[in-house]
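The structure displayed is predicted, hence computed values, not measured ones. Per chain, numbering begins at 1; letters A, B, ... match sequence-line order.
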Protein chains: 2
Amino acid sequence: MTQMPRASLADRAAALLEERIRAGEWQVGERLPGETTLAPELGVGRSTVREAIRQLAGKGLVQSRQGSGVYVTALETQDELTEVLARADVIAVIEARIAIECEAASLAAARRSPEALAVIHQALNHRHPEIDELEAYVDADMEFHRAVVLAADNPVLLEMFDAFVPRLRGSMIEMLRMTVDFDTELDHERHQRVTERIAESDPEGAARVSRDHLEVLRREVWQ
Amino acid sequence: MTQMPRASLADRAAALLEERIRAGEWQVGERLPGETTLAPELGVGRSTVREAIRQLAGKGLVQSRQGSGVYVTALETQDELTEVLARADVIAVIEARIAIECEAASLAAARRSPEALAVIHQALNHRHPEIDELEAYVDADMEFHRAVVLAADNPVLLEMFDAFVPRLRGSMIEMLRMTVDFDTELDHERHQRVTERIAESDPEGAARVSRDHLEVLRREVWQ
DNA sequence: GCCTAACAACTCCTCAGACAAGTGCGAAAT
DNA sequence: ATTTCGCACTTGTCTGAGGAGTTGTTAGGC
């Protein structure tokens, strides 16, 4: 019987690093120690550290930038859809959002479960137009839209929506920072209209209002 | 403006190898050429080839065995979306298809590139209502719908659609086998209407006709 | 005080060469 | 015929040397 070959040093180094990343030793976006630091720390040569890092890069956990360092990009391995999303431009993502959310709003209106409606209302109340911090505003916005998709009671649509969020968050914040005359009152009003249509069991109306809302977003970005 | 740093040699080598693997140059279980062969072939050093292979190993495409070689273990990485799709029931998938394809038809009508339109027409001609083999009929159907999504010119929508196809193919074939009085003439006519709306640059019409077509499908399944 | 340019000290990227460790095959010895 | 040995070939690992890009500091000019 042949002995099971123990895993290579690079494999073990990769596993060790992955464990430390998942444990939260470095947050997403943070930089890992340099190769020359990690090598003696892990008790291996520099090229072995490099191969370990490449392995994690293949899994989508880290990303290296020449001259700068190796950065944590995610805590879980990313799938193909998020990979496509990372490359796609914002317009394409918004168009896909229109597809998902209009249908979701329509289905939500058709199904209209009282519990799901309560979640939507709750998310709507979190969306104060007065929120001054951009990040909090965008997060509250995403929470509302997710509640709508959740109300559609379709796991496929939800999975797709969740793939969008991390990609869009940054762009939305940046966009709002650029837009000087963004009317939060008007924005909030549009969300209220979506909620009303769903509450009234008006699928077509819900879809239409959702579309109008997101088309505004697309135009904002396009300029 | 700062220049976008081009991908590293190792990244490009990995992409090149991945492409050749997916193209079927080596079957699952087969051995890749040795590092010392690949290095000059790809025009890079041996360590660079090693890092490229590590990257693919991280994605789960290959696996290396010391003293023996590097072997192909899979042709595609298991996607989270496809995992969800595998569990989701057919109704949920069709609903998601409605979301994607209506918007895609609408965008296709709005953009209406002559080349994409030609592809749609070609796919439509492949869809003879006389096709007696169920599998061929469904494949021709999928080809047509994919052409529509392709015409939308949105990589995100296309990725999602492609995730649907393998999941739906089997169910569609089974469903058609059950449906005794399936009217292929009527089915073909509906596809023609979609094509016409796109050719006429009528986004709303294209979306509406697409929806009607898929709603029929949903009702067929539901019963 | 503010901005810019040059610089130094990092970082990762790539290569070449050397040797270790494991595999597989064929020839030689039994 | 079977076993053993050795050789060729594979991946694994380390090191040293530059190349290339980034970042922070510092000196100089405005």
Side-chain angles (χ1 to χ4, degrees), chain A residues 1-18 20-21 25-74, chain B residues 1-18 20-21 25-74:
Chain A
M1 168 188 163
T2 57
Q3 189 78 12
M4 178 71 183
R6 66 183 192 285
S8 69
L9 272 185
D11 282 333
R12 278 183 284 173
L16 217 55
L17 276 179
E18 181 171 350
R20 289 169 70 178
I21 288 172
E25 188 165 333
W26 305 285
Q27 296 302 311
V28 171
E30 264 185 4
R31 222 201 80 203
L32 261 57
E35 296 167 353
T36 50
T37 309
L38 283 174
E41 193 173 308
L42 297 169
V44 298
R46 216 182 68 255
S47 51
T48 304
V49 172
R50 284 187 58 77
E51 291 187 18
I53 287 171
R54 280 284 176 202
Q55 203 158 331
L56 298 185
K59 284 173 123 173
L61 257 68
V62 302
Q63 189 179 341
S64 62
R65 285 214 306 270
Q66 184 180 179
S68 180
V70 177
Y71 297 83
V72 177
T73 54
Chain B
M1 173 185 167
T2 59
Q3 190 79 11
M4 179 71 181
R6 65 182 194 284
S8 69
L9 271 183
D11 282 332
R12 278 183 284 173
L16 219 54
L17 277 178
E18 181 171 350
R20 289 170 68 177
I21 289 172
E25 188 163 335
W26 307 285
Q27 297 303 310
V28 171
E30 265 186 4
R31 219 195 98 222
L32 260 57
E35 294 169 353
T36 50
T37 309
L38 282 175
E41 194 172 309
L42 298 168
V44 298
R46 185 180 158 226
S47 356
T48 303
V49 171
R50 283 187 60 75
E51 291 189 18
I53 288 171
R54 280 284 176 202
Q55 203 157 330
L56 298 185
K59 285 174 118 170
L61 258 68
V62 301
Q63 189 178 341
S64 62
R65 284 211 305 270
Q66 184 179 174
S68 180
V70 177
Y71 297 83
V72 177
T73 55

Completion exercise
Rounded to whole Å, the CZ-P distance (A:Arg31 to D:dG21) equals 18 Å

Completion exercise
Comparing A:Val49 with A:Ser68, nearest DNA chain D nucleotide closer to 5' gives the residue A:Val49

Handout entry: Which atom of A:Arg54 lies closest to which atom of B:Ser8, heavy atoms considered
Key = NH2-OG, 3.4 Å

Fill in the blank from the handout: Between the CG atom in A:Asp11 and the CD atom in A:Glu51, the distance rounded to the nearest 0.5 Å is 9.5 Å

Review item, side-chain donor-acceptor pairs of residues 63-72 of chain B, under 3.5 Å, at least two apart:
residue: B:Ser68; atom: OG; partner: B:Tyr71; partner atom: OH; Å: 2.4

Practice task
Compare side-chain N and O positions of B:Thr48 against OP1 and OP2 of C:dC15 and report whether any pair is under 4.0 Å apart.
Solution key: yes

Exercise for the section: Taking all non-hydrogen atoms of both residues into account, name the closest pair between B:Pro40 and B:Thr36 and its distance. Expected result: CD-O, 3.1 Å

Fill in the blank from the handout: To the nearest angstrom, the CG-P distance between B:Leu9 and C:dC12 comes to 17 Å

Exercise for the section: Would you mind reading off the distance between B:Leu38 atom CG and D:dT10 atom P, rounded to a whole angstrom? Expected result: 11 Å

Problem - Option among A:Thr37, A:Leu9, A:Leu16 that satisfies the side chain to side chain contact (heavy atoms under 4.5 Å, CB included) test with A:Leu42 - result: A:Leu16

Problem - Members of residues 50-65 of chain B that approach DNA chain D, where some heavy atom sits under 4.0 Å away - result: B:Arg50, B:Arg54, B:Ser64, B:Arg65

Please enumerate all protein N or O atoms sitting under 3.5 Å from an N or O of nucleotides 16-20 of chain C, with distances to 0.1 Å.
residue: C:dA18; atom: N6; partner: B:Arg46; partner atom: NH1; Å: 3.2

Handout entry: B:Thr73 (side chain) donor-acceptor with B:Gly60 (main chain) under 3.5 angstrom
Key = yes

